[in-house]
Peer 1: 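Got a structure for you, questions after.
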Amino acid sequence: MTGRPGAPTRRATTHRASIHAIVAQIPRGRVASYGQIAGLAGLPGQARQVGYALAALPEATPIPWHRVVNVRGEISPRARTGSEGAQRRLLEREGVAFDATGRIPMDRFRWRAGLL
DNA sequence: ATTCTGACTTGGG
DNA sequence: CCCCAAGCCAGAA
């Protein structure tokens with residue numbers, strides 16, 4: 001350890017890594033909210049960080065980032081447009097439905113971790 | 001080293 | 001339903 005006695009513990013891994021790991025587990029046809037992911041990643045209350053972690057992903061990634069939506073069941077608007085439409089299309093292709101107001105009925109599609 | 005900025009959630013009025 | 005404030009991390013300039 002580079003540890004000087006009394007020095008603050010330095011993060012060995014970034015939070016982004018654990019967040020990506022959780023998102024990678026969301027099964028096809030299911031969605032999770034940012035806050036839900038944060039909790040599962042051991043970072044309760046850091047929903048925002050989840051969004052930032054996803055925004056940092058490269059264009060081509062094996063991580064199913066499109067399965068993460070906000071707690072209201074809607075696709076969160078980004079500063080940079082482009083992926084919103086693609087995200088909805090990807091979800092619909094997996095069988096995730098949107099209601100007339102453009103929201104996903106979370107009661108039906110929310111991912112239950114540890115449950116298929 | 002400091003400053004800025006982004007895919008959020010929750011509670012209260 | 002709307003609006004506001006607080007909590008939070010990391011990478012780029």
Side-chain angles (χ1 to χ4, degrees):
Chain A
M1 305 271 269
T2 58
R4 280 160 314 183
T9 48
R10 194 174 303 255
R11 245 186 273 342
T13 61
T14 62
H15 290 313
R16 290 190 172 177
S18 20
I19 290 167
H20 292 164
I22 298 298
V23 174
Q25 294 174 57
I26 306 175
R28 192 171 162 292
R30 288 272 141 163
V31 295
S33 74
Y34 295 89
Q36 186 184 349
I37 296 300
L40 291 171
L43 304 167
Q46 295 185 58
R48 215 169 191 177
Q49 184 56 34
V50 173
Y52 302 153
L54 295 181
L57 287 171
E59 289 183 36
T61 174
I63 307 293
W65 54 270
H66 59 280
R67 297 185 185 137
V68 183
V69 297
N70 68 34
V71 74
R72 290 177 171 176
E74 43 192 20
I75 293 172
S76 286
R78 303 114 167 89
R80 290 277 183 158
T81 62
S83 28
E84 293 142 276
Q87 179 169 8
R88 174 163 178 163
R89 191 169 57 66
L90 283 168
L91 288 173
E92 293 183 311
R93 200 178 65 184
E94 298 185 352
V96 175
F98 287 76
D99 63 24
T101 63
R103 290 180 308 196
I104 298 167
M106 294 304 273
D107 319 26
R108 293 181 3 198
F109 299 101
R110 189 176 152 287
W111 171 43
R112 304 302 190 75
L115 197 72
L116 294 179

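Every heavy atom of this structure was used, including side-chain atoms; hydrogens, water molecules and symmetry mates were not. Proteins come first, then strands; the chains are lettered A, B, ... in the order of their sequence lines, and each starts at number 1.
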Peer 1: Starting at OH of A:Tyr52, measure out to CD1 of A:Ile19 and round the result to the nearest 0.5 Å.
Peer 2: 11.0 Å
Peer 1: Rounded to the nearest angstrom, tell me the gap between atom CZ in A:Arg16 and atom P in C:dC8.
Peer 2: 17 Å
Peer 1: What's the shortest heavy-atom distance between A:Arg108 and A:Ala97, and which atoms?
Peer 2: NH2-CB, 3.9 Å
Peer 1: Determine, using the 4.5 Å side-chain heavy-atom cutoff (strictly less than), whether A:Leu91 and A:Ile26 are members of one ILVMFWY cluster.
Peer 2: no
Peer 1: Could I get the full list of side-chain contact (heavy atoms from CB on, under 4.5 Å) partners for A:Arg28, not counting sequence neighbours?
Peer 2: A:Arg67, A:Glu94
Peer 1: Report the distance from atom CD1 of A:Ile19 to atom P of B:dA7, rounded to the nearest whole Å.
Peer 2: 15 Å
Peer 1: Could you tell me how far apart A:His15 (NE2) and B:dG6 (C1') are, to the nearest whole angstrom?
Peer 2: 16 Å
Peer 1: Is there a residue in residues 54-65 of chain A whose heavy atoms reach under 4.0 Å of DNA chain B, and which residues are they?
Peer 2: A:Leu54, A:Ala55, A:Trp65
Peer 1: Output a table of nitrogen or oxygen pairs between the protein and nucleotides 8-13 of chain B separated by less than 3.5 Å.
Peer 2:
residue	atom	partner	partner atom	Å
B:dC8	N4	A:Arg48	NE	3.3
B:dC8	N4	A:Arg48	NH1	3.0
B:dC8	N4	A:Arg48	NH2	3.2
B:dT9	OP1	A:Val71	N	2.7
B:dT9	OP2	A:Val71	N	3.4

Peer 1: Looking at A:Ala24 and A:Ile63, what are the two nearest heavy atoms and their distance?
Peer 2: CB-CD1, 4.0 Å
Peer 1: With no hydrogens and no angle check, is any side-chain donor or acceptor of A:Gln36 less than 3.5 Å from a backbone partner on A:Trp111?
Peer 2: yes
Peer 1: For the side chain of A:Arg30 and the backbone of A:Arg110, is there at least one donor-acceptor N/O pair under 3.5 Å apart?
Peer 2: yes
Peer 1: Closer than 3.5 angstrom, by distance alone: can the side chain of A:Gln87 be matched with the main-chain N or O of A:His66 as a donor-acceptor pair?
Peer 2: yes
